[in-house]
Participant: 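Quick one: the structure is below, questions incoming.
Whatever order the structure lists them in is the order used to number ligands and atoms, beginning at 1.
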Amino acid sequence: MSTTPLFCAEPARRDTARRLAERFDLPLVGKRPTEGFWLELGDTRLALETIGKQGAVYAEFVEGAAKHRREQGGGRGQPVAKAVGLKGSQSAPYVVDATAGLGRDAFVLATLGCRVTLVERSPVAAALLFDALERASVHPDTMDIAARMTLVHANAIDWLQTLTGDARPDVVFVDPMFPDTGKSAAAKKDMQAFQHVIGDDLDTAALLESAIEAARGRVVVKRPRLGTPIEGRKPSACMEGKSTRFDLYSIKAIRPDER
Ligand SMILES: C[S@@+](CC[C@H](N)C(=O)[O-])C[C@H]1O[C@@H](n2cnc3c(N)ncnc32)[C@H](O)[C@@H]1O
């Protein structure tokens, strides 16, 4: 069971809280915690909360930055679109986002037409994603996009190994929390809470191997522009943006016999 408790002060939402607790194996508590981090289900959304000045953390596909990205995002010309191989009017690839986090990259790809499976192993992040997807799936501006997004609460290293035949994705997208990114120092206060609860991902080399086994077309690893690549394999190509780099692992280059 996760150590992050779930609290709900809204009588009308207690059933939903109970279902969330069961689904993501979170301890449901009857009193708002007075220390540490906790998930709180309010009348509009689920958020990760803490005492003090850090803001609440939640996944959001309808309002705020997601709305801006939907309306002004730069379409298929933006770096993440190019990295997964979205081109002109070609049909969009099926993408597994193996490190879904708060779903921002997955949402951009789904907005651009990709079917995306979001795999997330942290019960806290998975619960936040589940809540955001539920909200997006009933809002007229986002319901079509949300319909292309499927959440899987699992460790992607194992889950990717279960895929065979048509279930294998064209692209596996990987954006782990690296201990060496400096992201923690640079992260905004609210995101520090998320990083504190989730921790660093120390098994990225194994994730890259599972991703390469499962993908039919390519694996895309998102890194800070000056970050080191994942250990073990050399990328086939790199695409650099202002602050981000995408390391591409072409399956054709790794397994020339793959069709
Ligand atoms: C840096 S965040 C990803 C942010 C995400 N790209 C976004 O746009 O919000 C990394 C996330 O990947 C998850 N993660 C890391 N390794 C994983 C694995 N093997 N399986 C599933 N989730 C994983 C972590 O729990 C964390 O939530």
Side-chain angles (χ1 to χ4, degrees), residues 2-4 24-26 37 39 48 57-61 64-66 69-70 73 78-81 83-84 95-112 114 116-133 136 145 149-163 169 171-188 190-215 219-224 227 230-231 241 243-247:
S2 159
T3 50
T4 307
F24 296 105
D25 206 12
L26 298 159
F37 296 91
L39 285 166
L48 178 65
V57 180
Y58 50 91
E60 180 60 62
F61 303 132
R69 241 173 265 139
R70 247 179 9 248
Q78 57 190 310
V80 68
V84 300
V95 181
V96 167
D97 181 347
T99 54
L102 293 174
R104 292 157 299 195
D105 290 313
F107 181 75
V108 169
L109 295 172
T111 303
L112 296 171
C114 297
V116 186
T117 298
L118 297 85
V119 189
E120 176 53 58
R121 68 177 162 190
S122 150
V124 171
L128 293 171
L129 282 171
F130 181 83
D131 170 69
L133 272 174
I145 303 170
M149 300 168 75
T150 308
L151 174 64
V152 173
H153 176 32
N155 185 333
I157 297 173
D158 306 325
W159 185 81
L160 285 164
Q161 289 174 22
T162 66
L163 303 181
V171 178
V172 180
F173 187 86
V174 180
D175 173 24
M177 303 254 204
F178 277 89
D180 67 334
T181 57
K183 269 186 189 171
S184 330
K188 289 190 193 143
D190 54 355
M191 287 313 293
Q192 285 177 10
F194 185 68
Q195 289 181 350
H196 186 94
V197 169
I198 307 284
D200 289 327
D201 297 319
L202 302 172
D203 47 5
T204 49
L207 180 56
L208 178 60
E209 287 311 308
S210 280
I212 285 171
E213 275 303 304
V219 174
V220 177
V221 179
K222 185 176 173 183
R223 300 286 291 121
I230 291 182
E231 241 174 68
S243 57
T244 305
R245 190 184 77 231
F246 294 103
D247 291 345

Participant: Taking distance alone, with no angle check, do Asp97 and ligand 1 share an N/O pair under 3.5 Å?
Facilitator: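 By distance alone, the answer is no.
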
Participant: How long is the span from the OG1 atom in Thr150 to the CG atom in Leu133, to the nearest 0.5 Å?
Facilitator: 8.5 Å

Participant: Which value, rounded to the nearest 0.5 Å, describes the distance between Leu208 atom CG and Asp203 atom CG?
Facilitator: 11.5 Å

Participant: List every atom of ligand 1 that sits less than 4.0 Å from any heavy atom of Asn155, numbering the atoms from 1 in the order shown and giving each element.
Facilitator: 18 (C), 19 (N), 20 (N)

Participant: If the contact criterion is a heavy-atom separation under 4.0 Å, does Gly199 count as touching ligand 1?
Facilitator: no

Participant: Which of the atoms of ligand 1 are close to Glu120, meaning less than 4.0 Å from one of its heavy atoms?
Facilitator: 11 (C), 12 (O), 13 (C), 21 (C), 22 (N), 24 (C), 25 (O), 26 (C), 27 (O)

Participant: With sequence neighbours excluded, tell me which residues meet ring-ring contact (aromatic ring centres under 6.0 Å, His included) with Phe61.
Facilitator: Phe107

Participant: Classify the contact between Asp201 and ligand 1 as side chain, backbone, both or neither, using a heavy-atom distance cut-off of under 4.0 Å.
Facilitator: side chain

Participant: Using a 4.0 Å cut-off to any heavy atom of Ala100, which atoms of ligand 1 qualify?
Facilitator: 5 (C), 7 (C), 9 (O)

Participant: Between Ile198 and ligand 1, which residue portion shows a heavy-atom distance shorter than 4.0 Å: side chain, backbone, both, or neither?
Facilitator: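 Only the side chain of Ile198 comes within reach of ligand 1.
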
Participant: Would you say Arg245's side chain and Gly227's backbone share a donor-acceptor pair under 3.5 angstrom?
Facilitator: yes

Participant: Only heavy atoms of Gly103, strictly under 4.0 Å: list the atoms of ligand 1 that pass.
Facilitator: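 Checking each atom against Gly103, I get 7 (C), 9 (O).
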
Participant: State whether Arg104 and Asp175 are salt-bridged, where the test is any N-O pair (Lys NZ or Arg NE/NH1/NH2 against Asp/Glu carboxylate O) under 4.0 Å.
Facilitator: no

Participant: Among Leu39, Val124, Leu102, Val197, exactly one meets side-chain contact (heavy atoms from CB on, under 4.5 Å) together with Val57. Which residue is that?
Facilitator: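 When Leu39, Val124, Leu102, Val197 are each tested with Val57, the side-chain contact (heavy atoms from CB on, under 4.5 Å) holds only for Leu102.
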
Participant: Listed by chain and number, what are the ring-ring contact (aromatic ring centres under 6.0 Å, His included) partners of Phe37, not counting sequence neighbours?
Facilitator: His196

Participant: Flag Met177 as yes when one of its N or O atoms lies below 3.5 Å from any N or O atom of ligand 1, and as no otherwise.
Facilitator: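 In this structure, Met177 places no N or O atom under 3.5 Å from an N or O of ligand 1.
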
Participant: Under 4.0 Å from any heavy atom of Ala154, which atoms of ligand 1 are there?
Facilitator: 20 (N), 21 (C)

Participant: Just to be sure I read this right, does ligand 1 sit under 4.0 Å from the backbone of Ala106, its side chain, both, or neither, counting only heavy atoms?
Facilitator: neither

Participant: In this structure, which one of Leu109, Asp105, Val96 forms a side-chain contact (heavy atoms from CB on, under 4.5 Å) with Val116?
Facilitator: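 Running side-chain contact (heavy atoms from CB on, under 4.5 Å) over Leu109, Asp105, Val96 with Val116 returns exactly one hit, Leu109.
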
